[in-house]
Amino acid sequence: MSADPLAVALDLPLRAGDASFTFAAGAAAGVPRGTGVVVPFGARLLPGIVLGPGEPRPGLRPVLARVEPTPLVPAPVVDLAEWTAREYVSSTGEALAVAVPWDALWSGLRLWCRDRVADALSPPARAIAGRIAARPQPLSRAARLFVDAPEALAELAEAGVLSAIVGAPSVWRAPTAAARVEAGDVAPGPGEEAVRAVVAEAMAADPHAVLVVGWPRTAAYLAAARAALASRWAVAALFPSVDAAEGFAAAAAAAGLPVHRLHAGLAPAARLAAWRGLAGMRGVVVVGTRAAVFAPAADPLLLIVDDEDASGHKEERAPRFLTAAVAAHRARDGALLVGATTPTVARFAETQTGACRLIALPTRRPRVGVIDLRRRPDPAEPISRAAREAVRRVARAGGRALVVADRKGYAAALHCAECGAVERCPSCGVAMVYDRASRRLGCRLCGRRLPAPDRCARCGGVRLRPLGAGTERLAAVLRRSAPRVMRFDADAVARGGDADAMLAPFRARGGALVATTYVLPYLPSLHLDLIVLTAADRWLHRPEYRAAERALALLRTLGITGGAQVLVETADPEHPVLRAVLAPGLRTFYDEELTLRRQLGFPPYRVLAAVTISGRSVASVDSVAAHLAAARAAGVEVLGPALLRARAGAREVGRALVVRAPDRTAVREVLWPVVTGAAVPPGVRVAVDVEPIEL
DNA sequence: AGCACGCCGACT
DNA sequence: GTCGGCGTGCTC
């Protein structure tokens, strides 16, 4: 009877077997890769995407219906999603669910019976077909029709009399975020011709990657896009946030480029319409967020990734890809342009090996001064006297001073001055954050809130002191000496609504703005006279292998996009990051950092993957962890397992492991058999994060 | 969306 | 010690 079986991608996690599911061809015999289908799955009917031939196996259920039009997803998009699933150890369906507007694609999906029902069908099959012919049925309703007649499903599938239509309306909704274009950011600089020349070379010959270092970068991106458009290439410009994407989209539209927005801020129907409209297009500029790296425009593309290190470029669900890594793969036959105020150490290394061309934009030098906390007279204060004085002078003179705290709220924790204990969450065991306005403690993990105690939970002591300084405590201290002190962090914006409106009085009248790093995207618009980075040691000494490059990036962003003198409070004035930000060039810092990375076995010399194993049964979780810990492959180490702190009352236990390997292929070779093999018993989940952004 | 299975509480 | 409810996991 039927044609060869088909591999179908469903949006379900990777598990025993394979990255996709296999069905008898049924109604989908001979359809091309990328065709949408409806398949029976348990008692449900699910939409999926045909990948190609599958492995024959007894007992396969048949594809019930094809979705029109065919193919629904262009084959190159399926190729890229399949590659991403393999590299980041997810199912192909999970990757496609991120790569295309998955929910919108299927919204309004209905089973439909177009042809006259064949006389050869059995009475139950004919009855069901008749119901569907009379009125197209959504999948949930159609599934119920087959509950009492399972054999009718196979019959209708083989007969191929059912099809499915996607009924989503193609409605455009204008983006709500008002795009902000910085004055002076768009004007073509003297480097425009140089940028175009280098990008044109990268489009024509290896290496296909270009690193643009400096700020502002908008004009360079526009020049690069023009170089691509001149060859009728498409461009995908990828930004870490909707606001950043909207800002560039406005600038590119104002410059007369054919802009197509494809970002996470669009309503689902609008995003679907935009996605459909891009299929096979050349000579367009797609402006979007991370999933737009899968835009269905025709290859070759110039892929522009702005600020590749920003957390917005890391997908949060499986596959947890990095935008720049997928872009680099897609740019094998195209070109990749990465732009950064401060490049990552890994990207800079590529310019030294010849894997990447380098363009240095004319950029102002950050002005940084150090306040040595070792000899301060007032160690108990959350901000040094010198910094306080500087802020006061600027604010009194009607200028604008920014004070950057390392956290929002009042203080990191309540600390007992007698026994040294810190108040902890009774459920999670982590230190609770102290919010003075409400006199409550909050847990970062579970969100639990408790009234602040009067006595230490451990020793009963009454001298509980705030530890560290958040925006709230800093603002309280500064109000004693400086006029017009305001707070700006995620909490304040959540309460106050529009961030720009909240900043308006500071822009207009000056004063002191106490903020977290949440303020960074707004720096160019603030026209600052002074910036203070309090407690800089927290940034310099974070327990993370990239602490140094992150701290350098923060200092440079403050100095360059903030445009004002930066005062850094530190007890470690000789730290290499402080030397680097004061040095005329960055090369020394990167060379030293690369030497360390090589010695210690960190990226870019090795690839890391974080694996979390969780479940209710301690024995099964431990057995999977032990199985993974024992996995061996050339050049691969498995570190751990470490116990994850369990929440009190939670039934789940967790184990964390880190895989260190020469490349992503080696990571996959170790992890894929573990995740998909028989070693994972029911009830145990394995979550994989290849190239985690923090470790 | 429905069905199997396992854990825990109630009860012959 | 057994029965059965309910919560959790599975479905090519």
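For the numbers below, each heavy atom of this structure counts, side chains included, while hydrogens, waters and symmetry mates do not. Remember, predicted model here, so these are calculated numbers, not experimental data. Lettering of chains follows the sequences in order, A, B, ..., and the numbering in each one begins at 1.
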Got a sec, which residues hit side-chain hydrogen bond (donor to acceptor under 3.5 Å, both in side chains) with [X], two or more places apart in sequence or on another chain?
{"X": "A:Arg439", "result": "A:Tyr434"}
{"X": "A:Glu637", "result": "A:Arg606, A:Arg660"}
{"X": "A:Glu691", "result": "A:Tyr88, A:Arg664"}
{"X": "A:Ser620", "result": "A:Ser617"}

Over how many whole Å does the gap from [X] atom [atom1] to [N] atom [atom2] extend?
{"X": "A:Gln137", "N": "B:dA1", "atom1": "CD", "atom2": "P", "answer": "16 Å"}
{"X": "A:Leu45", "N": "C:dC12", "atom1": "CG", "atom2": "P", "answer": "12 Å"}
{"X": "A:Leu10", "N": "C:dC10", "atom1": "CG", "atom2": "P", "answer": "16 Å"}
{"X": "A:Leu145", "N": "B:dA1", "atom1": "CG", "atom2": "P", "answer": "15 Å"}
{"X": "A:Phe41", "N": "C:dG9", "atom1": "CZ", "atom2": "P", "answer": "15 Å"}
{"X": "A:Arg144", "N": "B:dC3", "atom1": "CZ", "atom2": "P", "answer": "13 Å"}
{"X": "A:Leu153", "N": "C:dC12", "atom1": "CG", "atom2": "C1'", "answer": "13 Å"}

Taking only residues two or more places apart in sequence or in another chain, which ones pass side chain to side chain contact (heavy atoms under 4.5 Å, CB included) with [X]?
{"X": "A:Ala687", "answer": "A:Thr612"}
{"X": "A:Ala97", "answer": "A:Asp11, A:Trp102"}
{"X": "A:Ala125", "answer": "A:Leu121, A:Ser122, A:Ala152, A:Glu155, A:Leu156"}

(request) To the nearest 0.5 angstrom, please state how far the CG atom of A:Leu153 sits from the CG atom of A:Leu145. (result)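 Output value for this atom pair is 10.5 Å.
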(request) To the nearest 0.5 Å, tell me how far A:Gln137 CD sits from A:Leu109 CG. (result)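 The CD atom of A:Gln137 sits 12.5 Å away from the CG atom of A:Leu109.
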(request) Report the nucleotide, chosen from B:dA1, C:dG9, C:dC12, that has the shortest atom-to-atom distance to any side-chain atom of A:Arg685. (result)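 Within the option list, the nearest is C:dG9.
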(message) Nearest to the side chain of A:Phe21, heavy atoms from C-beta on, is which of C:dC12, C:dT11, C:dG9?
(response)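 The answer is C:dC12, which lies nearest to the side chain.
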(message) Just to be sure I understand the geometry, which residues of residues 77-91 of chain A put a non-hydrogen atom under 4.0 Å away from DNA chain B?
(response)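 Nothing qualifies; none.
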(request) Output the residues of residues 46-65 of chain A in contact with DNA chain B, where contact means a heavy atom of the residue under 4.0 Å from an atom of the strand; sort by number or write none. (result)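 DNA chain B contact set from residues 46-65 of chain A: none.
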(message) Base, sugar-phosphate or nothing for A:Phe23? Non-hydrogen atoms, less than 4.0 Å.
(response)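 It contacts sugar-phosphate atoms only.
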